[in-house]
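To find a chain, count down the sequence lines: A is the first, B the second, and so on, and within it residues start at 1.
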2 protein chains.
Amino acid sequence: MPATSPYTERNMEKEITIYDLAKILALSPATVSRALNDHPAINVKTKALIAEKAAELGYRSNTFASHLRTRKTNTLGVIVPRLNSNFMSTVLAGMEEVANNFGYNLLISQSLESESKEQANAKTMFNSRVDGLLVSVAYDTESIDHFAAFISRNIPVLFFDRVMEHPQCGSVVIDNEQAGYDAARHLLDEGCRRIMHVTGDLRRNVYADRMDGFKRALSEAGIEADSASILSTDLSQDAGKSIADHIDQMPAKPDGLFIANDLCAVTCMQALQEKSYTIPGDIAIVGFNNDPVSQVITPQLTTIFYPGYQMGKTAIMAILAQLNGTKPLIQDPIILRSALIIRRSSKRLGDS
Amino acid sequence: MPATSPYTERNMEKEITIYDLAKILALSPATVSRALNDHPAINVKTKALIAEKAAELGYRSNTFASHLRTRKTNTLGVIVPRLNSNFMSTVLAGMEEVANNFGYNLLISQSLESESKEQANAKTMFNSRVDGLLVSVAYDTESIDHFAAFISRNIPVLFFDRVMEHPQCGSVVIDNEQAGYDAARHLLDEGCRRIMHVTGDLRRNVYADRMDGFKRALSEAGIEADSASILSTDLSQDAGKSIADHIDQMPAKPDGLFIANDLCAVTCMQALQEKSYTIPGDIAIVGFNNDPVSQVITPQLTTIFYPGYQMGKTAIMAILAQLNGTKPLIQDPIILRSALIIRRSSKRLGDS
DNA sequence: TATTGTATTGTAACCGATTGCATTAAATTC
DNA sequence: GAATTTAATGCAATCGGTTACAATACAATA
């Protein structure tokens, strides 16, 4: 009976190195290294010989040794609040596609909406020596000190969607203020006068800006957005139900509702319908993100189209441009187009 | 005028190493290394001293040097068909959480449902020297030769959801056959007799198994599942519409519909409703995955609960167990519980 | 023939962390 | 006080590729 159980043995096949190849072919490791990197000084026949032997023996370059020497990783770090939202997974899909095309890998982690987790993630990314970092910050992130290490070493940090202000960091966003304005303006145009806005944590630009746009539209219409008409929540599905309860108990109920997240909006809408409110008759509703659920709910939800895939692609291209030195470190935010999609949940006036 | 533009300079700050720390503190690199790794042999005071200095100087471990030496990357590769589906992003969220807790990173890439892309991804993962590989195969994957390199080097390869048979590879799945049976059986119990099944590519276990279960239920009920009652599609949203058109033109229309994907089912349902079919009156429908949309559609969609988050967590734990040698390489598939969730879209009989 | 040039390959010093095997100092036991 | 532990630290080789700087061989030129 063997001393160790069979399944504890691993890596039976020895990993072969350029030294092995060199010895077998009676050449120097340097020549092998150069040949494998297609260095012009090496004889074509020698290259062919080495390539053949390498393939035969299943040689693979040890990227650690290589990176240790060259100080490049070809890896980009991505920190997002959550992986499992339609929006974020769409962004990531876009990122992965472009990164892959340019020979970069993606190291992805989620902060689960917690600043401390985000800090830990950043540290890991830093130690993993990512060539660049893409971040959408957590709900409760206050400081960006945990990115200082990157910045001081000139490792590009790019924020997307939920961004932080920093002179050295680029960002990719949509015009949230305008989107908020469009949403509110649309509700006003549909005849709503007591419009309520359900938003997220106002420390986050995306929510603060949407609210600003919301207020601007109301103020233009001569309506004051008092504090009672703005509700800050975590925009979860549970929050959606609570909002419905809340509205149900309001003496002067809103006739329009702008909720900064589709999933939350949809849940709220269902809860309201259960309480026999009609949508859009009693209350017109506008969501945000153009999540698949917005087209599935009855009535279909008016929302803001958010170009997630494009945002992912754009973010990667922007950070690669920085890495290649073709773009300055200091740059203006990249603003992508979003658009109001009008569906039935907000149409209070005739269609024609 | 400087020779290079200012923004092309990078990494101005010198990276400090354990040698720098050792020199500054008049210690040996070995002590510094041990201290940073919290080695028990090092004096607590010395550790504190080193930790402090390291923090002060912004030291970061060079993972390449470390990995080069230890031959471990602490990175797991994940190849999925698509990132942007509710199911997959939920799985990934679960994976990330566990991996992160155990100090592992995730290198994630998507095959976009193409075998050739999957092969390329596998190659990258191989060269990145991931410690293990988690795969859910693409729609059209025929062979698993591209994983042979891993297997022959005893790098664990674990399949999840869409799995391939291989004696050396573990897998994490649900009992798709049973789920398919449950779905069909439920429709039968609700009085359906002409039941149609819309499935995906039958080379994939998930679809083949669900179909087998479907057939078993029908055959038990004495109904023959003829080829006309089974439709193989790509389960996209477009497919959902086509299915509705197809049904609309069938002479003998089905009274029950089991679609192996919620998003597709929902789209189909909407298209059918537009054509004035009532759900579940004319046609009862069952989907698969318990996607958020299933609770949003009217009537709410009966579906199969798929434990995505748990699957992600389980898969990581299983592969880590292999890496730690606590589990044999050859093992039975891990089967997670799925469950039929009955909602309105399939209730043709009274509730009581 | 001596010199210079060209093509090709080799030598050896890195890159930075890890770790088996000492070594030294201090504490404990006899 | 001598002998033995115990605690803490150091030495030096190692991981595998890269690359500046030779070195060698042979052809071309003076």
Legend entry - Over-ring placement of A/R204 relative to A/Y139, 6.0 Å and 45° cut-offs: no

Inset, instruction - Answer yes or no: are there more than 12 heavy-atom neighbours, outside B/K123 itself, under 6.0 Å from its atom NZ? - result: no

Legend entry - Nucleotide opposite D/dG17 in a Watson-Crick or G-U pair, distances under 3.5 Å: C/dC14

Inset, instruction - Specify the separation, in whole Å, of atom CD1 of A/I18 and atom C1' of C/dT9. - result: 14 Å

Legend entry - Any B/T46 side-chain N or O less than 4.0 Å from OP1/OP2 of D/dT9: yes

Legend entry - Minimum-distance nucleotide (side-chain atoms of B/R69 versus C/dA17, D/dT9, D/dG10): C/dA17

Legend entry - Whole angstrom value for the distance that separates C1' of D/dT19 from NE2 of A/H67: 17 Å

Legend entry - Side-chain N,O (A/N43) to OP1/OP2 (C/dA7) below 4.0 Å: no

Inset, instruction - Using only side-chain N and O atoms of B/Y59, determine if any of them is under 4.0 Å from OP1 or OP2 of C/dA17. - result: yes

Inset, instruction - Would you mind reading off the distance between A/D38 atom CG and C/dT8 atom C1', rounded to a whole angstrom? - result: 15 Å

Inset, instruction - Give one of base, sugar-phosphate or nothing for A/Y19, where a contact means two heavy atoms less than 4.0 Å apart. - result: base

Legend entry - Residue mapping more 5' on DNA chain C - nearest nucleotide basis, A/A65 or A/H39: A/H39

Inset, instruction - Answer with base, sugar-phosphate or nothing: what part of the nucleic acid does B/L36 contact at a heavy-atom distance below 4.0 Å? - result: nothing

Inset, instruction - Can you figure out which of C/dG10, D/dT18, C/dT18 approaches the side chain of A/T31 most closely? - result: C/dG10

Legend entry - Rounded interatomic separation in angstrom, taking NZ from B/K72 and C1' from C/dA17: 16 Å

Inset, instruction - Have a look at A/A22 and say if it touches a base, only the backbone sugar-phosphate, or nothing, with a 4.0 Å heavy-atom cut-off. - result: nothing

Inset, instruction - Look at the side chain of A/K53 and the backbone N and O of A/L21, then say whether any donor-acceptor pair between them is shorter than 3.5 Å. - result: no

Legend entry - OG1 on B/T31 to CG on B/L36, rounded to 0.5 Å: 10.5 Å

Inset, instruction - Respond yes when some side-chain nitrogen or oxygen of A/T17 is under 4.0 Å from OP1 or OP2 of D/dC15, and no when none is. - result: no

Inset, instruction - Tell me what A/S66 touches on the nucleic acid: a base, only sugar-phosphate, or nothing, going by heavy atoms under 4.0 Å. - result: sugar-phosphate

Inset, instruction - Measure from the side chain of A/R71, starting at C-beta and using heavy atoms only, and say which of D/dG16, C/dT9, C/dG16 lies closest. - result: C/dG16

Legend entry - Atom CD of B/E56 with >12 non-hydrogen neighbours under 6.0 angstrom: yes

Inset, instruction - To the nearest 0.5 angstrom, please state how far the CE atom of B/M95 sits from the NZ atom of B/K313. - result: 13.0 Å

Inset, instruction - Using only side-chain N and O atoms of B/S28, determine if any of them is under 4.0 Å from OP1 or OP2 of D/dT9. - result: no

Inset, instruction - For B/A35, report the nucleic acid contact type (base, sugar-phosphate, nothing); a contact means any heavy atom under 4.0 Å. - result: nothing

Inset, instruction - Send over the distance from A/R34 CZ to C/dG10 P, rounded to a whole Å. - result: 10 Å

Inset, instruction - In whole angstrom, give the distance that lies between atom CD1 of B/I42 and atom P of C/dA25. - result: 17 Å

Inset, instruction - To the nearest Å, give me how far apart NZ (B/K47) and C1' (D/dA8) are. - result: 11 Å

Inset, instruction - Figure out the CG/C1' separation between B/L21 and C/dA17, and round it to whole Å. - result: 12 Å

